[in-house]
Amino acid sequence: MFRWIIFVAIIGIADYYAFQALKTVTKSNWWYALYWLFTVAVIGNFIFQFYGFNRSNGFSQSNALAVGFLIAMVVPKLVLIAVMLTEDVFRVPQGIYSYFMQDDSASGNQIKHFPSRRKFISQIALGLAAIPFASVLYGMYKGKYNFKVLKYTLNFDDLPEAFDGFRLTQISDVHSGSFDNIEKVSYAIDLINEQQSDVILFTGDMVNNKAEEMLPYVDIFKKLKAKYGLYSVLGNHDYGDYVRWNSEEAKKQNLEDLKNLQKDIGFDLLLNENRFIEKDGQRIAIIGVENWGKGGFKKAGDLKKAASSVDKDDFKILLSHDPSHWDAEVVNDPYHYHLTLSGHTHGMQFGIEIPGWFKWSPVKWRYKQWAGIYEAVGQYINVNRGFGYLAFPGRVGIWPEITVIELKKGAKEA
């Protein structure tokens, strides 16, 4: 209970300060009432959703909406506070000077007040705050299904000639328990098939917590087709570690159910295993590890075991859910993994991207490789921004991604 009191107190103090911008711009009691009604409703719903949170049920869509509306409320008010505080950098010294130094020549009394807030400053603050407010609402309404196909061409001198022009499609982080629109998911699956890639690779987190979350979407995902098959690995959420189970047996059964669902869809699930794709007498290796992540995440991945029947000179594509695995174990491994495919970060579902020019998200402070293609010592990793979403029920600036990578033999043209 105490933590909720602290939470409400902090929000209340911030709200009172941000409210000054609205008071400066308008004297309408209707606007004041609307402001506080929205604030109280959002905070009240957030407390209601999480005060009785049941870990046995996991994170629900109603929980996610509570988070989303809280973010939609808090972020714009932080903008308001920042502008108001900036104004006070000049306003407070003026008030102090007025208090001690200026006299009213008519009455001889000191003028003891701060200068009034300037209306145009508050108008600027409200205009700036409207940008993140609208962006968050758009991200919740449409951004979470704003699927983007990102295409890359990667060159390798030692790529087998038979695989020159070989195309792969990667998806990651489906998080089916968060979806609320079957038609949009079906559209995305059609979009994947339209790429007509040779192979489809899924890099983990099919569900949020429980295999049953995937049941409404199995028939849709069964439509996925690729000439050389579908391959997948597990992500940290697939193990059911983030909910409370009635027994350890129930948790194990959930994982088995998820494995069977993936098989039913058509995925060849690689559990520290490998497969070879053969073409015209040549081959490439698809290697899949279980989840391996830094920062308290499960470390079930065993790279040596996964590649145990792969030759050192084979061309290798590694599926590893968490990109922290790449720096920690993969990139300096003597086996030379040509291409690693990961996900996990979601690009934090929030950021700013201008393709080819600029890319930023707060998640960059947590993960060195967090979205897109990275290269080190002749090896590449692609970190997929994710197919679905989690916790915040939307995406702002970092859109759901379908990656298409074409492999080319030879050096990259200048």
Side-chain angles (χ1 to χ4, degrees), residues 159-160 163 166 168-174 197-207 211 214 221 224-241 251-279 282-293 297-326 328-344 379-384 403 405 407:
L159 178 71
F163 290 88
F166 191 82
L168 59 90
T169 288
Q170 180 198 3
I171 57 173
S172 191
D173 299 88
V174 168
S197 289
D198 296 292
V199 67
I200 295 175
L201 306 171
F202 171 61
T203 46
D205 277 0
M206 182 69 77
V207 297
M214 190 62 190
F221 275 74
L224 289 172
K225 302 296 179 185
K227 182 178 180 180
Y228 291 93
L230 287 64
Y231 299 90
S232 66
V233 292
L234 297 175
N236 56 298
H237 279 267
D238 294 323
Y239 297 90
D241 289 340
K251 182 179 179 181
K252 291 179 180 178
Q253 185 58 52
N254 177 74
L255 183 56
E256 290 303 311
D257 291 342
L258 181 61
K259 292 176 182 178
N260 289 332
L261 280 175
Q262 292 213 28
K263 182 179 179 181
D264 190 28
I265 290 170
F267 282 108
D268 185 354
L269 179 61
L270 305 180
L271 303 170
N272 294 324
E273 299 171 288
N274 64 78
R275 303 287 188 267
F276 291 102
I277 295 178
E278 297 187 359
K279 184 179 181 183
Q282 297 179 316
R283 72 181 191 179
I284 61 174
I286 306 294
I287 303 163
V289 296
E290 294 198 51
N291 190 79
W292 193 105
F297 290 106
K298 182 183 288 290
K299 289 181 171 63
D302 188 333
L303 187 60
K304 299 299 183 186
K305 178 182 177 182
S308 59
S309 61
V310 176
D311 292 337
K312 187 175 182 179
D313 294 332
D314 280 323
F315 187 91
K316 307 169 198 69
I317 298 175
L318 174 66
L319 312 185
S320 181
H321 176 70
D322 192 318
S324 64
H325 189 209
W326 194 61
E329 290 193 353
V330 177
V331 75
N332 293 315
D333 190 277
Y335 246 41
H336 188 88
Y337 291 87
H338 298 77
L339 173 61
T340 298
L341 302 178
S342 298
H344 182 63
Q379 299 170 82
Y380 293 92
I381 182 173
N382 180 64
V383 184
N384 184 285
T403 311
I405 298 176
L407 307 179

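Index from 1, following the sequence.
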Quiz item: Considering residues at least two apart in sequence or located in another chain, which fulfil the ring-ring contact (aromatic ring centres under 6.0 Å, His included) criterion with Y337?
Solution: none

Quiz prompt | Donor-acceptor side-chain pairing of Q170 and T203 below 3.5 angstrom | solution = yes

Quiz item: D302 side chain to N272 main-chain N or O, any donor-acceptor pair under 3.5 Å?
Solution: no

Self-check item: Euclidean distance, I200 CD1 relative to L224 CG, rounded to 0.5 Å
Solution: 4.5 Å

Self-check item: I317 vs L407, side chain to side chain contact (heavy atoms under 4.5 Å, CB included): CA-CA, chis, key distance, verdict
Solution: CA-CA 11 Å; I317 298 175; L407 307 179; 4.2 Å; yes

Practice problem: Of all the heavy-atom pairs spanning S172 and G343, show the shortest one and how long it is. | Solution: OG-CA, 3.4 Å

Quiz item: Looking only at heavy atoms, which two atoms of W326 and Q379 are closest? And how far apart?
Solution: CZ2-O, 3.7 Å

Self-check item: Listed partners of H344 passing side-chain hydrogen bond (donor to acceptor under 3.5 Å, both in side chains), at least two apart
Solution: N236, H321, D322, Y367

Quiz prompt | Sidechain-backbone polar pair: D238 side chain, G235 backbone, donor-acceptor under 3.5 Å | solution = yes

Self-check item: side-chain contact (heavy atoms from CB on, under 4.5 Å) partners of K263, counting only residues at least two apart
Solution: none

Practice problem: For residues V383 and P323, report the shortest heavy-atom separation together with the two atoms involved. | Solution: CG2-CB, 3.8 Å

Practice problem: Of all the heavy-atom pairs spanning F276 and S309, show the shortest one and how long it is. | Solution: CZ-O, 3.6 Å

Practice problem: Go through the structure and list residues passing ring-ring contact (aromatic ring centres under 6.0 Å, His included) with Y228, not counting sequence neighbours. | Solution: F166

Practice problem: Kindly write out the residues that satisfy side-chain contact (heavy atoms from CB on, under 4.5 Å) with E329, not counting sequence neighbours, or none if the list is empty. | Solution: W292, L303, H325

Quiz item: With distance as the sole test, does D173 use its side chain to make a donor-acceptor pair with the main-chain N or O of D205 at under 3.5 Å?
Solution: no

Quiz item: With distance as the sole test, does S320 use its side chain to make a donor-acceptor pair with the main-chain N or O of S342 at under 3.5 Å?
Solution: no

Quiz prompt | Over all atoms of both residues, closest heavy-atom pair of S197 and A226 | solution = O-CB, 3.9 Å

Quiz item: Listed by chain and number, what are the side-chain contact (heavy atoms from CB on, under 4.5 Å) partners of K259, not counting sequence neighbours?
Solution: L255, E256, L269, L271

Quiz item: Is there a side-chain contact between H338 and I284 (heavy atoms, below 4.5 Å)?
Solution: no

Quiz item: Can any side-chain N or O of K279 pair as donor or acceptor with the backbone N or O of I277 at less than 3.5 Å?
Solution: no

Quiz item: Given the rule in the side chain to side chain contact (heavy atoms under 4.5 Å, CB included) test, do I405 and Y380 qualify, once you have shown the distances and angles that lead to the verdict?
Solution: CA-CA 11 Å; I405 298 176; Y380 293 92; over 6 Å; no

Practice problem: Check for a donor-acceptor pair, side chain of K316 on one end and backbone N or O of K312 on the other, with a separation under 3.5 Å. | Solution: yes

Quiz item: From Y231 OH over to L201 CG, what is the distance, rounded to the nearest 0.5 angstrom?
Solution: 8.5 Å

Quiz item: Residues two or more places apart in sequence or in another chain: which of them pass side-chain hydrogen bond (donor to acceptor under 3.5 Å, both in side chains) with R275?
Solution: D268

Quiz item: Can Y335 and D314 be said to form a side chain to side chain contact (heavy atoms under 4.5 Å, CB included), step by step?
Solution: CA-CA 9 Å; Y335 246 41; D314 280 323; over 6 Å; no

Practice problem: Could you check L341, V289, L339 and say which one makes a side-chain contact (heavy atoms from CB on, under 4.5 Å) with L318? | Solution: V289

Quiz prompt | Results of salt bridge (charged side-chain N to carboxylate O under 4.0 Å, His left out) for D198 - residues two or more places apart only | solution = none

Exercise. Could you check L234 against Q262 for side chain to side chain contact (heavy atoms under 4.5 Å, CB included), going step by step and ending with a plain yes or no?
Key: CA-CA 10 Å; L234 297 175; Q262 292 213 28; 4.1 Å; yes

Exercise. Nearest 0.5 Å please: distance from the CG atom of N384 over to the CZ atom of F202.
Key: 9.5 Å

Self-check item: Shortest non-hydrogen contact between V233 and L270, atoms and distance
Solution: CG1-O, 3.7 Å

Quiz item: How would you list, by chain and number, every residue that makes a side-chain hydrogen bond (donor to acceptor under 3.5 Å, both in side chains) with E290, sequence neighbours excluded?
Solution: Y239

Quiz item: Can you name the residues that form a side-chain hydrogen bond (donor to acceptor under 3.5 Å, both in side chains) with K304, not counting sequence neighbours?
Solution: D333

Quiz prompt | Non-neighbouring partners of K227 that pass side-chain contact (heavy atoms from CB on, under 4.5 Å), sequence neighbours left out | solution = none

Exercise. Kindly write out the residues that satisfy salt bridge (charged side-chain N to carboxylate O under 4.0 Å, His left out) with D241, not counting sequence neighbours, or none if the list is empty.
Key: K251, K298

Exercise. Flag the pair F315 / F163 as yes when their ring centroid distance falls below 6.0 Å, and as no otherwise.
Key: no

